[in-house]
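Read the structure below first, then the notes.
When a residue number appears, it is its place in the shown sequence, counting from 1.
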Amino acid sequence: MSTETTGTAARDGESRRTGTGGSPFVRACRREPGPHTPVWFMRQAGRSLPEYREIRKNVGMLESCRRPELVAEITLQPVRRHGVDAAILFSDIVVPVAAAGVELDIVAGTGPVVAEPVRTAADVERIRRIGRDDVSYVDEAVRLLVAELGDTPLIGFAGAPFTLASYLVEGGPSRTHAKTKALMYGEPELWHALCARLAEVTLAFLRVQVEAGVSAVQLFDSWAGALSEADYRRYVLPHSTKVLAGLADAGVPRIHFGVGTAELLPAMGEAGADVVGVDWRTPLDVASRRVGADKAVQGNLDPCVLFAPWPVVEAEVRRILAEGRSAPGHVFNLGHGVLPETDPDVLTRVVALVHEVSARPGE
């Protein structure tokens, strides 16, 4: 993609984002006051919705991510159903890795399964760099969605280098990340080469989404909580920083999220995001002090609370909103993704409650 083409695409994307700059979601990400605390849910695009399960029937996950009109419909379903303040692109963190030439599949009930796990420098070299043509279906889906969503922001996303590397090294999901850590500790040069290549792929994938018109991006480092802060700083932080710094001129808020990252929050705050996502284990006021006054926070209702009686859900939502007021900006979310068994009506009620309790007339 030429510099001239990239510049034109970026300006085109910026023109489509104009209507979302004053949205409650974007304003909160930028630590600006708004009419209420915005709310969206990780894994909101489907998971618990019967209409999602119907439309995904007999269509594999990777195939679903490669059909622009299907991606657009799934992304829009929770916006219609719940009235959330932002949509998040329906995709999967391994989509760009597959586009880069890695043979894999997303197996129902298991997750990503890699045919030939990464073991050598030659394996790393086989991971190609990608451009817009390699993920043209994502570019098309984003453009369809931006046109449909109007002034509702669309969040693009990608997996962070460490989490992607873990899947590629382990060959699939892992509870211990033993092979990942063995490579990280035992062959640090190979580890950094792998993460550097994945950072390039991730940045390119996010750039495609930004240029197509997303209003914000989220970098998921789902498994970073498996590391100590010292290991995170040495083996992960440089590569996540490369991705987030590469979007510094993109004109969109950058969100960074991981699970089990209480002790990593200061380091994650240094990686360069505008918003740091917090799981349910750390109160938002504590998290805000850890990430710094120049960051907004996102979170952090425990997804399992949604299965409790409504008075319990309401009390927890109010508690989180109260804790979030100490931060310079707060985006209400879950502390991780929506569980498939969740009652969609409870999610709808949570959105309405957040808007009601946090309403700031005149903003």
Side-chain angles (χ1 to χ4, degrees), residues 42 92-94 96-97 100 102 111-112 114 117-119 121 123-124 127 129 157-207 217-248 254-279 281-282 287 290-292 295 297-299 335-336:
M42 288 181 282
D92 190 274
I93 64 171
V94 299
V97 178
V102 176
V114 179
V118 171
R119 297 286 183 268
D123 295 334
V124 173
I127 303 171
R129 294 170 175 83
F157 84 95
F162 173 79
T163 291
L164 293 176
S166 180
Y167 281 118
L168 296 188
V169 174
E170 300 286 343
S174 171
R175 292 183 180 275
T176 64
H177 306 281
K179 294 175 183 176
T180 303
K181 292 183 179 183
L183 179 66
M184 192 174 72
Y185 297 136
E187 299 186 67
E189 289 186 6
L190 178 57
W191 171 261
H192 284 296
L194 171 60
C195 286
R197 176 58 56 86
L198 292 173
E200 291 178 351
V201 170
T202 297
L203 177 56
F205 187 56
L206 288 172
R207 279 258 172 214
V217 295
Q218 176 157 308
L219 187 67
F220 285 84
D221 211 350
S222 306
W223 308 132
L227 301 175
S228 69
E229 183 180 2
D231 285 346
Y232 179 87
R233 289 185 177 277
R234 180 177 180 183
Y235 297 110
V236 178
L237 182 57
H239 305 291
S240 293
T241 299
K242 179 178 179 180
V243 176
L244 292 167
L247 295 167
R254 299 156 294 170
I255 309 168
H256 196 19
F257 173 76
V259 182
T261 55
E263 297 305 315
L264 305 183
L265 288 172
M268 291 182 71
E270 294 170 21
D274 305 290
V275 185
V276 176
V278 184
D279 75 12
R281 298 171 179 87
T282 309
R290 291 181 182 180
V291 302
K295 313 286 183 189
V297 295
Q298 178 176 279
H336 201 193

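Of all heavy-atom pairs between V217 and L247, the closest is CG2-CD1, 3.9 Å. Counting all heavy atoms, side chain and backbone alike, K242 lies closest to A199 at CD-CB, 4.0 Å. Among all heavy-atom pairs drawn from P117 and G171, the shortest one is CG-CA, 3.8 Å. Closest approach of A158 and T202 over heavy atoms only: CB-CG2, 3.7 Å. Contact detail for G260 and R281: the closest heavy-atom pair is N-NH1, 3.7 Å. When all heavy atoms of A165 and C195 are compared, the pair lying nearest together is CB-SG, 4.2 Å.
Here the straight-line distance linking atom CG of D221 with atom CG of L164 works out to 8.5 Å at 0.5 Å rounding. Here the straight-line distance linking atom CZ of F257 with atom CG of D279 works out to 6.0 Å at 0.5 Å rounding. The CD atom of Q218 lies 13.5 Å from the CZ atom of R254; values are rounded to the nearest 0.5 Å. A distance of 9.0 Å separates OG of S166 from CG of L227, quoted to the nearest 0.5 Å. To the nearest 0.5 Å, the span separating OG on S174 from CH2 on W223 amounts to 9.5 Å. Taking CZ from R197 and CG from D123, the interatomic distance works out to 12.0 Å, rounded to the nearest 0.5 Å.
Between the side chain of T163 and the backbone N or O of S222 there is at least one donor-acceptor pair closer than 3.5 Å. Judged purely by atom type and a 3.5 angstrom limit, S228 uses its side chain to pair as donor or acceptor with the backbone of D231. Of the possible donor and acceptor atoms, none in the side chain of R290 sits under 3.5 Å from a partner among the backbone N and O of G269. Using modelled atom types, no side-chain atom of K295 and backbone atom of V276 make a donor-acceptor pair closer than 3.5 Å.
Under the side-chain contact (heavy atoms from CB on, under 4.5 Å) criterion, A100 pairs with I127, I130, V201, sequence neighbours left out. By the side chain to side chain donor-acceptor pair (under 3.5 Å) test, E263 is found to be paired with no residue, residues two or more places apart in sequence or in another chain being considered. Listed by chain and number, the residues in a side-chain contact (heavy atoms from CB on, under 4.5 Å) with L237 are Y232, R233, T241, E270, A271 (sequence neighbours excluded). The side-chain contact (heavy atoms from CB on, under 4.5 Å) search around V114 returns V102, L104, L168, not counting sequence neighbours. Among residues two or more places apart in sequence or in another chain, the side-chain contact (heavy atoms from CB on, under 4.5 Å) test is passed with V275 by C29, I255, A296, Q298.
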Test K179 against L183 for side-chain contact (heavy atoms from CB on, under 4.5 Å), laying out the working first. CA-CA 6 Å; K179 294 175 183 176; L183 179 66; over 6 Å; no
Could you go step by step and tell me if W191 and Y185 meet the side-chain contact (heavy atoms from CB on, under 4.5 Å) rule? CA-CA 8 Å; W191 171 261; Y185 297 136; over 6 Å; no
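Note on ring orientation: taking the six-membered ring where Trp is involved, the planes of H177 and F162 are tilted (angle from 30° to 60°). Using the six-membered ring where Trp is involved, H239 and H192 have ring planes that are tilted, between 30° and 60° apart.
Screening residues 163-173 for salt bridge (Lys or Arg N to Asp or Glu O under 4.0 Å) gives no qualifying pairs among residues at least two apart or on separate chains.
Residues V97 and Y167 have side chains not in contact (no heavy-atom distance under 4.5 Å, counting atoms from C-beta outward).
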